[in-house]
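Shown next, in structure tokens, is the structure this report addresses.
Because the structure is a prediction, the values reported are computed rather than measured.
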Amino acid sequence: MKRTAGCLLLALLGASAGWAQGELAERGQKVIDYLLADWQKHMHSTGVEQAMLNLEMEPDDDLRLRIGEHLRSHTDLHFNLRSWGPNNYLLSDEEKRIAKFLIQRFQADGALPTVEAASTEFGIEPDRLLRRLAFLSRAGFLEESDESPGYSLTDRYLRWGGPLRFNYHTISIGEEDPFAVW
């Protein structure tokens, strides 16, 4: 397999985070290769999490974040990254729905809902919501705050998701792997 600058970057990121250098580079590059092939298909816009699921990889938020950083640093890899923004590919459909929900509530109420209120209104268990909020914070969409729910929207929250603004359209056709469209 041809070693790319992206693969080297993933290896370096993995080494700094205590990951097995070869494993992170191999797993991360496998996802990136999948995405680049998927994005060559007409209107395909699959994200990192769906690519990992299609590759039958275990869910791994740390790996997703490292791949996301790679995509942010290498928007020249594909038209999709330049057009729709790399953050659009980092978040799962569930996280995009949460982000969209938080933006709508913030714009309507001037504040984010409590975890309990968001859990009830959004229809997700509080523990799961807290884990997804922590991921959104690590990804850069939220910032830690002393106010409930413990996070605030980043100053650039409206631009953070790119032009697609947290759209989620994952579909399946026949025997084909599920994929997202723009």
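Put simply, CZ on F79 and CG on L81 are 10.5 Å apart, with the number rounded to the nearest 0.5 Å. Rounded to the nearest 0.5 angstrom, E121 CD and F101 CZ are separated by 4.0 Å. With rounding to the nearest 0.5 angstrom, the CG atom of L158 is 5.5 Å from the CD atom of Q107. Residue D60 holds its CG atom at 5.0 Å from CE of M52, rounded to the nearest 0.5 Å. Taking CG of L91 as the start and CD1 of I98 as the end, the distance is 9.5 Å to the nearest 0.5 Å. Between the CZ atom in R97 and the CZ atom in F122 there is a gap of 5.5 Å [rounded to 0.5 Å].
In plain terms, the two heavy atoms of S145 and Y151 that are nearest each other are CB-C, 3.7 Å. Closest of all the heavy-atom pairs between P149 and L112 is CD-CB, 3.8 Å.
No side-chain donor from either of E116 and S119 sits under 3.5 Å from a side-chain acceptor of the other. Side-chain contact annotation: S45 with Y89, donor-acceptor N/O pair under 3.5 Å present.
Under the 3.5 Å distance criterion, the side-chain polar atoms of R64 are matched with a main-chain donor or acceptor of L90. Checked by atom type and distance alone, the side chain of T154 never pairs as donor or acceptor with a backbone atom of Y157 at under 3.5 Å.
None of D93, D61, D127 except one satisfies the salt bridge (Lys or Arg N to Asp or Glu O under 4.0 Å) rule with R132; the exception is D61. Test D38, N54, D177, N80 against T46 for side-chain hydrogen bond (donor to acceptor under 3.5 Å, both in side chains) and you get one pass: D38.
Sorted by first and then second residue, the pairs that involve residues 138-163 and meet salt bridge (charged side-chain N to carboxylate O under 4.0 Å, His left out), not counting sequence neighbours, are D62-R138.
Take Q40 and apply the side-chain contact (heavy atoms from CB on, under 4.5 Å) test, not counting sequence neighbours, and it matches H78.
No side-chain heavy atom of P178 sits under 4.5 Å from any side-chain heavy atom of I171. The side-chain heavy atoms of R128 and R131, taken from C-beta on, include a pair separated by under 4.5 Å.
Counting non-hydrogen atoms of other residues, nucleotides and ligands closer than 6.0 Å to CD of E176 gives a total above 12.
Salt-bridge annotation for E69 and R72: present, with a side-chain N of the basic residue lying under 4.0 Å from a carboxylate O of the acidic one.
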